[in-house]
There are 2 protein chains.
Amino acid sequence: MDSSSETRSGIHVAVDLTVLTLRDGALNVLLIQREDDPHRGAWALPGGFIEEGEDLEGAAYRVLADEASLGSGAVHLEQVRTFGTPGRDPRGHVVSVAFMALGANLPAPRRGEDVADARWWAVEELADVPLAFDHATVLDCAIERARSKLEYTTLAVTFLPEEFTVSQLRGVYESVWGTTLDAGNFHRKATRTEGFLEELDRHAAPTGGRPARLYRAGEGTSLMPPLLRSGD
Amino acid sequence: MDSSSETRSGIHVAVDLTVLTLRDGALNVLLIQREDDPHRGAWALPGGFIEEGEDLEGAAYRVLADEASLGSGAVHLEQVRTFGTPGRDPRGHVVSVAFMALGANLPAPRRGEDVADARWWAVEELADVPLAFDHATVLDCAIERARSKLEYTTLAVTFLPEEFTVSQLRGVYESVWGTTLDAGNFHRKATRTEGFLEELDRHAAPTGGRPARLYRAGEGTSLMPPLLRSGD
DNA sequence: TCAAAAGTGTTGCGAGTACACCCATGG
DNA sequence: CCATGGGTGTACTCGCAACACTTTTGA
């Protein structure tokens, strides 16, 4: 990735990543602080230009490794949308394919090359922070995609470790949606939906009450019928 | 658009369009027959390279005009997904942003430049036809998007003229989904869903039975609760 | 009068919501 | 014993599927 600020001729293709995880029960996104112009010092989504012969997903995984020091192991990567309005990048015409990456317990990032700083931000506290380029729009788009995919897919489990309790799963929904859900109804719905959860014989260590049974992700990927955000 | 078959260096960005309409109660897609290599003589989705400084949507509308002789008036254009696997185009590394365009009563296409032929195909009869590049995948992706968006948006009306009957609207769902729906239940659902339909005082000419009231599209864009494909 | 299409009524079922209530553990 | 969280039972409501039925036209 050429991070100089000179204008470049031709159309360039980039990927931008919205990396989401849960930290302390809040939805967090990984931002990097730009070391170079344009938008030097501003916070931005990790991203980079794709190289000739490189796959879009491949480029996304490369950026994940370079700028976020995250391996491809425990993340769910998915294309969101492509942004290509001329002028969105002052260096020239850049068409950027936005991805979202979801993971469980992602580590604090090491800062990569061309990056002044990198850290997790709670999406709630991000309202006032001006982001570089059109990344505020890209971020909104990815978050809305994640929120809606929780409704009709089993994607929520990607925010959790391999073994988890129903309460933890409910916590994912509550954190991502910013709502509260009825514990009993959620338990029934989650455990009775075919393919969502696989019951284990073990229990988690009690946290002040009755110990919760452990589950792991089931085989299914779609939730039918879906789990709807109530206050919609 | 350079349609020669020589390999080009650098990464190129294109748009590919899945233009859908209803003809004789069947979902049809517009394909063009390629005049030049690669895939000379094969049927393909209309598409073209974007020019520097050109918007993605702008490029899509330009292709619609050039290759399908369709104005931007009566089509709903929407981005679907971006395909960028190296090798999908033998000329070099081409990243293609797929769009779907939906319209009512779209005219028989004039063939544009670099196009040997252009015509509508019923998507049903397309199973055996080999398409150029990865366009079979792109087409499937767009059709599935259109099918699912009928469920939770008011998009179905874009397949109809400005004034239409509830039966015609039901016909859209039946054609696109390839199902049959209960006429009475559909009528209730469509007319009672807030923002979907706006009732007019006129009736359509009878077609062998009681004349149907005319409606036009309402203000709303989302269907809540959604209209689900039953056999899912 | 009959066929055909538009539109309404009715009933039963499946699923969600609210909330009461029991279960199992630690303090 | 009590507090806390896990998990179940139950009553109410809402929306849909099925399908019978009425309305309004042309032949």
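Nucleotide C:dA6 holds its P atom 9 Å from the CD atom of B:Q168, rounded to whole Å. One can place CG of B:L181 at 12 Å from C1' of D:dC16, the figure rounded to the nearest angstrom. Between the CZ atom of A:R229 and the P atom of C:dT17 there is a distance of 14 Å, rounded to whole Å. When the C1' atom of D:dG6 is taken as reference, atom CZ of A:F186 falls 14 Å away, rounded to whole Å. Between B:D182 atom CG and C:dA6 atom C1' there is a gap of 13 Å when expressed in whole angstrom units. At whole-Å resolution of the value, CG in A:L228 and C1' in D:dC14 are 13 Å apart. Atom-to-atom, NE2 of A:H203 to P of D:dG7 comes out at 8 Å; the value is rounded to the nearest Å. Straight-line distance from the CZ atom of A:R202 to the P atom of D:dG6: 18 Å, rounded to whole Å.
Mapped onto DNA chain D by nearest heavy atom, A:R213 and B:P206 fall at different nucleotides, with A:R213 at the one closer to the 5' end. Nearest-nucleotide positions on DNA chain C for B:N185 and A:G208 put B:N185 closer to the 5' end. Sequence order on DNA chain D of the closest nucleotides to A:L214 and B:G184 puts A:L214 first from the 5' end.
The phosphate of C:dA15 has neither OP1 nor OP2 within less than 4.0 Å of any side-chain N or O from A:K189. Side-chain N/O atoms of A:H187 include none lying less than 4.0 angstrom from OP1 or OP2 on D:dG6. Distances shorter than 4.0 Å separate none of the side-chain N or O atoms of A:T207 from OP1 or OP2 on D:dG5. Remark: B:R210 is not in phosphate contact with C:dA3, judged by side-chain N or O atoms under 4.0 Å from OP1 or OP2.
Salt bridge B:E162/B:R216: absent, no basic N to carboxylate O contact under 4.0 Å. Taking a cutoff of 4.0 Å between a charged side-chain nitrogen and a carboxylate oxygen, B:R229 and B:E144 qualify as a salt bridge.
The residue A:R188 sits close to a base: some heavy atom pair falls under 4.0 Å. Using a 4.0 Å heavy-atom distance criterion, B:S167 is classed as a sugar-phosphate-only contact. Residue B:T165 is classed as having no contact, given no heavy-atom separation below 4.0 Å to the nucleic acid.
B:P109 and B:A118 get closest at one heavy-atom pair: CG-O, 3.6 Å.
At a threshold of 4.5 Å between non-hydrogen side-chain atoms, the residues B:L131 and B:V129 count as touching.
Between the side chain of A:R170 and the base of D:dG6, no donor-acceptor pair of N or O atoms lies under 3.5 Å.
The side chain of A:V166 sits closest to D:dG7 out of D:dG7, C:dA15, C:dA24.
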Residue pair A:T193, A:L227: steps toward the side chain to side chain contact (heavy atoms under 4.5 Å, CB included) verdict:
CA-CA 10 Å; A:T193 297; A:L227 236 162; over 6 Å; no
